[in-house]
**Student:** 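If you scroll down you'll find the structure; I have some questions about it.
Residue numbering restarts at 1 for every chain, and letters A, B, ... go by the order of the sequence lines.
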2 protein chains.
Amino acid sequence: MLVMEAGRRGKQKAAPTLHDVARQAGVSVATASRALNGSSTRTVRPEYISRVVAAAERLGYQPHLSAQAIALGSTPTAALVVSDIDDPYFSSIASGVIVAAQAHALIPTVAVADRSPARELQIVRTLRGQRPRVIIVAGSRIDGAGTDTTLDDELQAYQAVGGRVVMVSQESLRFPTVAIDNAGGGRQLASALVSRGYRRFAVLSAARKIRTSRDRCDGFLAGLREAGMPEPLVVETRFTRDGGYEATRRLLDGGPPTVDAIVTVNDVMAIGAMTAIRDAGFTPGRDVGVAGFDDISWCADLDPALTTVAIPLHQVGVMAMELALGDDPQQPVIRVPTSVILRDSTPSR
Amino acid sequence: MLVMEAGRRGKQKAAPTLHDVARQAGVSVATASRALNGSSTRTVRPEYISRVVAAAERLGYQPHLSAQAIALGSTPTAALVVSDIDDPYFSSIASGVIVAAQAHALIPTVAVADRSPARELQIVRTLRGQRPRVIIVAGSRIDGAGTDTTLDDELQAYQAVGGRVVMVSQESLRFPTVAIDNAGGGRQLASALVSRGYRRFAVLSAARKIRTSRDRCDGFLAGLREAGMPEPLVVETRFTRDGGYEATRRLLDGGPPTVDAIVTVNDVMAIGAMTAIRDAGFTPGRDVGVAGFDDISWCADLDPALTTVAIPLHQVGVMAMELALGDDPQQPVIRVPTSVILRDSTPSR
DNA sequence: ACGCACCTGGAAAACGTATTCCAACACGAC
DNA sequence: GTCGTGTTGGAATACGTTTTCCAGGTGCGT
């Protein structure tokens, strides 16, 4: 029994090293290394190469990435920080970042900050120890939080030693950014809805500290003003499906809707809002319009299909990686345009 | 101009090392290391500790994880392989795995195999070089693919040197597994729908090679047989939203539905099916029932709310990590029960 | 035939950290 | 006062790889 236990653990022969491969092939480690990586300045006898390759194959050798990293100075790794991977907004961005990373032979790493600035800071600290080539931060930047400048400093320190930082949708002046035109999208949405006959709005936004939410909300308000519409009702709630549900529920508490449409600062909130409208006994689209932001997958599969401000999220992820790997372009900010997609959740009235 | 360029690149002072910290603090590297990690067997003078900590703070020192890894033998890393991070099925599992990893102070790594067995194999190879503490594979295992045994071998080799492998929802007898009771869920679903008065079904499944799909499909068929129902129509399509849409569209090509309900082997297919039903001029739930598998987020927010076989995906992710880190339990297979959630997409008839 | 350049293999150093081992020192006991 | 013991700092080594540096050998030109 004890023997078995010992055996089980003892069988960990320790992964084969380059040294083992070299011995098997009857050459030195230097030659083995050169044979496997094909050194650029040096050439090694073809026969040796095949002997080394065969030995590596036979032993199931895999180079120890950490050892390579320490010898070469950096890790073939790209780190992404998101708030919540289960949120389609972030998972779409993540999918773009990940495929782009893999296309560049980088190992993608995903950390989840759980919508906490403190956690985000801690993650970036840890990440820095990993010496990735790239750090992409796609969290929802919170303004004014004390940790904010600290995070900036941490990233700055990382950048100072050669790391590449890219922010997604949060204009920190200090780092390259993939900027989403949230305000513009909001303005367009206002104009589009007004021309479909909507007049009185409720806007469901998240805490004002959250940049993305504020920009979208303010953009919409600006668009409304430009169209000469009266000031809408602005309700502050959480940035999630449940936030949208609860706020809408409260809104409809007193009876039939007093607004023509409910506009939320992202699609998952809009989904919650639509359910709340139904639960209150009304029909979204007919009794009250609904619109969101993001155009997450199957927005169009909802009934009624959701009007929204489309953002090419997957592309945003890809662009973030390209920007990070790019050659320090003159223009370190990529502006991503947004476009309004009108669907049945906001029929003409 | 050129100077600026040079300056920009030249400013890469190379991250501060433990050596630098030690020098700043006026102690040896050994002492510095012990001061920062708190060696278990040794004690260091309190004054030195604070001096070292202060120096580290001042320099913005972060230990080089790769160097630690090579000194200690393994990396504080947990790798997850999924087919498609943008699919809510996988992103929910991923969220569980990631939070569990972070709870154990492991850096989560996510690779996307893009539903290709070849890519999956290549990823596991690369991963092996990273020497993570655990590898969790949540792809959709494809039976019979030639690469399959190769993948098993690769994982076996990894396990032989002390790595922990966990499979999610794909019973490979050779590794610990979080097994989802897909067949049981299918059987229950059949029984539940029959007792709501449904008789004639169409089943939308994916290629038979895909285990998850086959198990769900076969379980449903078995349940139908047990209830004495006639054999349903089985349509093979892709495992995605579009697959569900197209198959349903073809199904309804000839006019009104000839079946009471359409059952799909996952929720995203069901979502596509519901849209197809509407596009064909019918109403899901009223004209034809719809049911899926997974209970992905806001299944309940659809209209009609989707009947489905619920799987605690986030929990599955957490359990996979616990299983990987656990103490080689007697029972290396965790069976996750599933439960049918009846909603308005399958009203009684 | 001699010297020189070039090719190629191997020994050794380097990367940054953790740890083993050695030495110095302080303190208590006799 | 001397010896032993326990404590703690530092030098040296190990981890697995890449790369520099050195040396031996071959081929070429004169």
**Student:** For B:T43, report the nucleic acid contact type (base, sugar-phosphate, nothing); a contact means any heavy atom under 4.0 Å.
**Tutor:**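 Answer is sugar-phosphate: B:T43 comes under 4.0 Å of backbone atoms only.
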**Student:** Starting the side chain at C-beta, find the nucleotide from C:dA18, C:dG10, D:dG10 nearest to B:L18.
**Tutor:**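 That would be C:dA18.
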**Student:** CD1 of A:I70 versus C1' of C:dT17: gap in Å, rounded?
**Tutor:**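 Value for this atom pair: 7 Å.
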**Student:** Can you tell me how far C1' of C:dG16 sits from CD of B:Q62, to the nearest Å?
**Tutor:**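 About 14 Å, once rounded to whole Å.
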**Student:** Taking the side chain of A:R34 as heavy atoms from C-beta outward, which of D:dG10, D:dT20, D:dT17 is closest to it?
**Tutor:**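 Among the listed nucleotides, the one closest to the side chain of A:R34 is D:dT20.
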**Student:** Want to settle it: does A:P63 or B:V27 sit nearer the 5' end of DNA chain D, counting the closest nucleotide to each?
**Tutor:**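 Mapping each residue to its closest nucleotide by heavy atoms, the 5'-most match is B:V27.
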**Student:** What's A:T41 touching, base or sugar-phosphate or nothing? Going by heavy atoms closer than 4.0 Å.
**Tutor:**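 No contact at all - A:T41 keeps every heavy atom at 4.0 Å or more from the nucleic acid.
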**Student:** Just how far, in rounded Å, is P of D:dC15 from CZ of B:R131?
**Tutor:**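 Those two atoms, CZ and P, are 14 Å apart.
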**Student:** Give a yes or no answer on whether the side chain of A:Y158 reaches the backbone of A:V134 with a donor-acceptor pair at less than 3.5 Å.
**Tutor:**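 Yes, because the side chain of A:Y158 sits within donor-acceptor range (under 3.5 Å) of the backbone of A:V134.
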**Student:** Taking 4.0 angstrom as the limit, do B:R115 and B:D87 come out as a salt bridge?
**Tutor:**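 Salt bridge between B:R115 and B:D87, a charged N being under 4.0 Å from a carboxylate O: yes.
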**Student:** C:dG16, D:dG10, D:dG16: which one has an atom nearest the side-chain heavy atoms of B:T31?
**Tutor:**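 My answer, after comparing the listed nucleotides, is D:dG10.
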**Student:** How many angstroms lie between OG in A:S92 and CG in A:L313, if you round to the nearest 0.5 Å?
**Tutor:**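 If we round to the nearest 0.5 Å, A:S92:OG and A:L313:CG are 5.0 Å apart.
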**Student:** Could you tell me the separation between the CG atom of A:D20 and the C1' atom of D:dC15, rounded to a whole number of Å?
**Tutor:**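 Going from A:D20 (CG) to D:dC15 (C1'), I get 13 Å.
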**Student:** Quick one: B:E47 CD to D:dT8 P, roughly how many Å, whole number?
**Tutor:**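 Nearest whole value for this atom pair: 13 Å.
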**Student:** Expressed in angstrom and rounded to an integer, what is the separation of B:R23 atom CZ from D:dG9 atom P?
**Tutor:**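 In whole Å, D:dG9 P and B:R23 CZ are 20 Å from each other.
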**Student:** Take A:R119 and B:Q102 through the test side chain to side chain donor-acceptor pair (under 3.5 Å) and record every step on the way to the result.
**Tutor:** CA-CA 11 Å; A:R119 184 98 188 83; B:Q102 289 176 345; 3.2 Å; yes
**Student:** Within the 4.0 Å heavy-atom criterion, would you say B:S33 contacts the bases, only the backbone, or no part of the nucleic acid?
**Tutor:**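 Base contact.
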**Student:** Given D:dT19, D:dT17, C:dG10, identify the nucleotide with an atom nearest to the side chain of A:Q68.
**Tutor:**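 Comparing D:dT19, D:dT17, C:dG10 against the side chain of A:Q68, the answer is D:dT17.
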**Student:** Of the nucleotides D:dT19, C:dA18, D:dG9, which one has an atom closest to the side chain of B:N37?
**Tutor:**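 Within the option list, the nearest is C:dA18.
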**Student:** Counting only side-chain heavy atoms from C-beta out, which of D:dG9, C:dA18, D:dT17 sits nearest to B:L72?
**Tutor:**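 Of all the options, the side chain of B:L72 is nearest to C:dA18.
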**Student:** For A:P16 and B:V29, find the nucleotide of DNA chain D closest to each by heavy atoms; which residue's nucleotide sits nearer the 5' end?
**Tutor:**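 First, find each residue's nearest nucleotide; the 5'-ward one identifies B:V29.
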**Student:** Side chain of A:V44: nearest nucleotide among C:dG9, D:dG10, D:dG9?
**Tutor:**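 For A:V44, the side-chain atoms sit closest to C:dG9.
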**Student:** Side chain of A:A30: nearest nucleotide among C:dG10, D:dT17, C:dT17?
**Tutor:**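 Of the candidates, C:dG10 comes closest.
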**Student:** Counting only side-chain nitrogens and oxygens, does A:S28 get under 4.0 Å of the OP1 or OP2 atom of C:dG10?
**Tutor:**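 Yes.
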**Student:** Using modelled atom types only, decide if a donor and an acceptor are shared between the side chain of B:R128 and the backbone of A:G60 within a distance under 3.5 Å.
**Tutor:**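 The answer is yes, because a donor-acceptor pair under 3.5 Å joins these two groups.
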**Student:** Below the 4.0 Å mark, does D:dG10 have OP1 or OP2 next to a side-chain nitrogen or oxygen of B:Y48?
**Tutor:**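 The answer is no; no side-chain N or O of B:Y48 sits under 4.0 Å from OP1 or OP2.
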**Student:** So do A:T150 and A:R125 actually touch side chain to side chain, heavy atoms under 4.5 Å?
**Tutor:**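 Answer yes - side chains close enough.
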**Student:** Nearest-Å distance, CD1 (A:I49) to P (C:dT8)?
**Tutor:**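 Going from CD1 in A:I49 over to P in C:dT8 covers 10 Å.
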**Student:** Of all the nucleotides listed (C:dA11, D:dC15, D:dG9), which has the minimum atom distance to the side chain of B:A71?
**Tutor:**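 Nearest to the side-chain atoms of B:A71, counting from C-beta on, is D:dC15.
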**Student:** Could you state the NE2-P distance from B:H19 to C:dC15, rounded to the nearest angstrom?
**Tutor:**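 For the pair B:H19 NE2 and C:dC15 P, the rounded distance is 10 Å.
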**Student:** I'd like to know if B:R42 reaches the base of D:dG9 with its side chain such that a donor and an acceptor end up less than 3.5 angstrom apart.
**Tutor:**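 Side chain to base: pair found, below 3.5 Å.
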